[in-house]
K.L.:
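Here's a structure for you.
Numbers here are sequence positions counted from 1. The figures here come from the full heavy-atom set of this structure, side chains too, leaving out hydrogens, waters and symmetry mates. Note that this is a predicted model, so its numbers are computed, not measured.
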Amino acid sequence: MPVLRRLLVSALLGLSFINSAVSLTPGFPYGSEKVRGVNLGGWLVLEPWITPSMFDKTGNSKIVDEWTFCQLQDHTTALNALQNHWNTWITEDDFADIASAGLNHVRLPIGYWAFDVGPGEPYIKGQLPYLQKAITWASNHNLKLIVDLHGAPGSQNGYDNSGHRIGFPTWHSNQTNIDRTNQIIKTIASMVADSPEVVPIIAPLNEPAGYDGDAVLSATRQYWLDSYGNIRYPYGSAKQSNTVELIHDAFQPLSYWNGFETGSNFQGVAMDTHIYQMFSDSQVAMSNQQHISQACSMGSSLSGFDLWTIVGEWTPASTDCAKYLNGRGVGSRYDGSYSGSSGVGSCTGKTGSASSFSSSYKTFLRQFWEAQVITYEKGEGWIQWTWKVEDADDWSYQAGLKNGWIPQDPTDYKYPNICN
Ligand SMILES: *[C@@H]1O[C@H](CO)[C@@H](O)[C@H](O)[C@H]1NC(C)=O
């Protein structure tokens, strides 16, 4: 056990009595006000389905994630494309628009490679100045920013959105990967420790693949405990920050986490759960009413859980029709172009530009959006995935505002009884 870690652990244990008397003052009144926010997806971590044009422009169908984007093009080409994207995809105007849409949080995904590129890793650095800008812009517009580590060394889930699309994740099975990730959380925690009013929460790892079994889950549990120390004790002493740790459920039912990081030794822990209804054949086959009912049925588990529970990703989209959503070159279950799926119907008019959406589809998007918002506010609140998408308006908060299925004031319901 490294000396600093031993020091922190003994501080934690030794101070447990005092801890329960100390009151944490988070930068946002979690527990009394609802989180209402959007993710800034596809900015500092590329996702083929959010910006398909960046991938199509490469002319190379083997480029399927940020890893291959950097690996299979010459360095200057990749760097120029990334810098242009970082400079234009999200600007301060987006923060202004998000604030004027009545939202109070943004969650900002960032990859480990912004901090640490190891030997043999093709990633290109340069994202950190944009994280700094985003923190300034959040402050300028009175928004709370969640720093979300979305990709870890070895990949925690193998999804393209972890930076590296691979068959089986290797983050959890390699202690070097985990050690590097802990180091990054320490760096982030000390960066933001003195500005909890702008960065009240750190999410130390997005979506570890808990469904892969016990090895992932036990690595994840230990990592949440270590991250608690790193986030809540960033000063190398017994002095605590006011920064909250946002752990993810690792795709387990909330009940799996009952009692985890609760009690007087723990303060300032929140749970992130992600709710999607399009990543299986049976989900895409559901009727509009079934989608709404399923959303409404989540209320009691969210309100009954013992940590502040935020639905940190969700969407009014109900199909997997968006181009590259399942990966570049992979089709969709909804229209049967995904290998092994039988298909439900045509994707035409379900995604792409809102100008192709029927008025009844837009009414459904509004109803499904409201059903989810109403339900997720039975917990601690919600953060929609995502603010902006190139060519999938069903997923875009910005497009929802513009086309009317998302209200300018997120408490202005048209269907307040949708879940009754
Ligand atoms: C573990 O991961 C590190 C990178 O974080 C890598 O250099 C090393 O080769 C990996 N070890 C094994 C056994 O795969």
Side-chain angles (χ1 to χ4, degrees), residues 26-28 30 35-47 50-51 66 82-83 85-99 101 103-116 123 125-152 156 159-163 181 184-185 187-193 195-207 227 231 243-248 270 272 274 310-315 381-389 395-398:
F28 181 83
Y30 301 106
V35 170
R36 299 182 176 118
V38 281
N39 285 276
L40 301 177
W43 185 32
L44 304 184
V45 176
L46 295 187
E47 298 195 29
I50 296 180
T51 55
E66 191 157 338
L82 285 168
Q83 278 176 338
H85 173 69
W86 294 332
N87 281 322
T88 55
W89 182 250
I90 297 290
T91 67
E92 185 164 5
D93 288 346
D94 292 289
F95 283 74
D97 292 347
I98 290 166
L103 302 180
N104 52 35
H105 278 67
V106 293
R107 175 170 173 263
L108 177 53
I110 191 161
Y112 79 88
W113 55 94
F115 302 86
D116 163 21
Y123 285 124
K125 266 189 182 175
Q127 300 83 353
L128 265 196
Y130 296 89
L131 171 60
Q132 295 288 7
K133 278 182 216 258
I135 291 172
T136 305
W137 296 339
S139 169
N140 293 348
H141 298 279
N142 268 316
L143 289 164
K144 309 299 176 187
L145 186 143
I146 301 172
V147 181
D148 153 42
L149 191 71
H150 220 70
Q156 72 279 18
Y159 302 150
D160 58 11
N161 59 56
S162 73
T181 317
I184 289 163
I185 297 307
T187 302
I188 297 172
S190 30
M191 265 175 66
V192 304
S195 37
E197 69 293 346
V198 189
V199 183
I201 307 196
I202 295 169
L205 191 58
N206 180 62
E207 297 190 346
S227 295
I231 291 168
T243 313
V244 171
E245 181 195 25
L246 181 60
I247 64 176
H248 180 262
D272 181 12
H274 297 170
I310 300 170
V311 180
E313 293 190 19
W314 63 281
T315 171
W382 49 271
I383 305 170
Q384 185 175 321
W385 191 274
T386 182
W387 173 241
K388 214 180 142 181
V389 185
W395 287 80
S396 161
Y397 203 100
Q398 200 180 40

K.L.:
Please report the interatomic distance CD1(Ile188) to CD1(Ile110), rounded to the nearest 0.5 Å.
P.N.:
6.5 Å
K.L.:
Give a yes or no on whether a salt bridge exists between Asp272 and Arg107, defined as a side-chain N under 4.0 angstrom from a carboxylate O.
P.N.:
yes
K.L.:
Under 6.0 Å between the ring centres of Trp385 and His150?
P.N.:
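For Trp385 and His150, the ring centres are under 6.0 Å apart.
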K.L.:
Does Ser396 reach the side chain of Thr386, with side-chain heavy atoms less than 4.5 Å apart?
P.N.:
no
K.L.:
Keeping the roles fixed (side chain from Ser195, backbone from Glu197), state whether a donor-acceptor pair exists under 3.5 Å.
P.N.:
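Pair absent, no side-chain N/O of Ser195 close to backbone of Glu197.
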K.L.:
Under 4.5 Å between any side-chain heavy atoms of Ile383 and Ile146, yes or no?
P.N.:
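Side chain of Ile383 against side chain of Ile146, heavy atoms only: contact under 4.5 Å found.
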K.L.:
Donor-acceptor pairs under 3.5 Å, side chain of residues 130-137 to any protein atom, not counting sequence neighbours: which ones?
P.N.:
residue : atom : partner : partner atom : Å
Tyr130  : OH   : Asn87   : OD1          : 2.7
Thr136  : OG1  : Gln132  : O            : 3.1
Trp137  : NE1  : Glu92   : OE1          : 3.4

K.L.:
Minimum heavy-atom separation for Ala138 to Leu145, with atom names?
P.N.:
CB-CB, 4.1 Å
K.L.:
With a 4.5 Å heavy-atom cut-off, do Leu108 and Val147 have their side chains touching?
P.N.:
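The answer is no, as the side chains (C-beta and beyond) never meet within the 4.5 Å cut-off.
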K.L.:
Applying the side chain to side chain contact (heavy atoms under 4.5 Å, CB included) test to Leu149, which of Ile185, Ile202, Asn206 qualifies?
P.N.:
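Of the listed options, the one satisfying the test is Ile185.
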K.L.:
Strictly distance-based, threshold 3.5 Å: is any side-chain N or O of His85 a donor or acceptor partner for the main-chain N or O of Trp43?
P.N.:
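Yes, because the side chain of His85 sits within donor-acceptor range (under 3.5 Å) of the backbone of Trp43.
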K.L.:
Measure the shortest side-chain to side-chain distance between His105 and Val38 over non-hydrogen atoms and say whether it is less than 4.5 angstrom.
P.N.:
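Not in contact.
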K.L.:
Can Gln384 and Trp395 be counted as having a side-chain donor-acceptor contact under 3.5 angstrom?
P.N.:
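The answer is no; no qualifying pair exists.
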K.L.:
Of all the heavy-atom pairs spanning Ile50 and Gly42, show the shortest one and how long it is.
P.N.:
CD1-N, 3.7 Å
K.L.:
Counting distance only, does the side-chain N/O of Asn39 pair as donor-acceptor with the main-chain N or O of Val106 below 3.5 Å?
P.N.:
no
K.L.:
Are Trp382 and Trp314 close enough that their ring centers fall under 6.0 Å?
P.N.:
yes
K.L.:
Is the side chain of Tyr123 donor-acceptor paired with the backbone N or O of Gly163 at a distance under 3.5 Å, no angle test?
P.N.:
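Side chain of Tyr123 to backbone of Gly163: a pair is present.
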K.L.:
Between Glu313 and Glu207, does the side-chain contact (heavy atoms from CB on, under 4.5 Å) criterion hold? Intermediate values first, please.
P.N.:
CA-CA 10 Å; Glu313 293 190 19; Glu207 297 190 346; 3.7 Å; yes
K.L.:
How long is the straight-line distance from CG of Leu205 back to CD of Gln156, given to the nearest 0.5 Å?
P.N.:
4.5 Å
K.L.:
Taking the side chain as C-beta and beyond, is there a heavy-atom pair between Tyr397 and Thr315 under 4.5 Å?
P.N.:
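In short, these two side chains do not touch, never coming nearer than 4.5 Å.
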K.L.:
Give a yes or no on whether the backbone of Thr91 and the side-chain of Asp94 come within a donor-acceptor separation of less than 3.5 Å.
P.N.:
yes
K.L.:
As an exercise, state the distance from CH2 of Trp86 to CG of Leu46, rounded to the nearest 0.5 Å.
P.N.:
8.5 Å
K.L.:
Establish, yes or no, whether the cationic atom of Lys388 lies under 6.0 Å from the six-membered ring centre of Trp89 and within 45° of the ring axis.
P.N.:
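The answer is yes, since Lys388 meets both limits relative to Trp89.
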K.L.:
Main chain of Gly27, side chain of Lys144: is a donor-acceptor contact present, judged purely on distance under 3.5 Å?
P.N.:
yes
K.L.:
Would you call Val244 and Pro200 a side-chain contact if the rule is heavy atoms closer than 4.5 Å?
P.N.:
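Sidechains of Pro200 and Val244: no contact.
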K.L.:
For the side chain of Ser162 and the backbone of Gly151, is there at least one donor-acceptor N/O pair under 3.5 Å apart?
P.N.:
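Answer holds: no.
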K.L.:
Kindly indicate, with the supporting measurements, whether the criterion ring-ring contact (aromatic ring centres under 6.0 Å, His included) is fulfilled by His274 and Tyr159.
P.N.:
CA-CA 15 Å; His274 297 170; Tyr159 302 150; over 10 Å; no
K.L.:
How far apart are the closest heavy atoms of Leu44 and Gln127, and which atoms are they?
P.N.:
O-CG, 3.8 Å
K.L.:
Are the side chains of Leu143 and Ile98 in contact, using a 4.5 Å heavy-atom criterion?
P.N.:
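Side-chain contact under 4.5 Å: yes.
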K.L.:
Working to the nearest 0.5 Å, report the span between CZ of Phe115 and OG1 of Thr181.
P.N.:
11.5 Å
K.L.:
Do you know which two heavy atoms are closest between Glu245 and Ser227, and how far apart they sit?
P.N.:
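So the two residues come closest at OE2-CB, 3.3 Å.
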K.L.:
Does any part of the side chain of Ile310, heavy atoms only, come nearer than 4.5 Å to the side chain of Ile201, both counted from C-beta?
P.N.:
yes
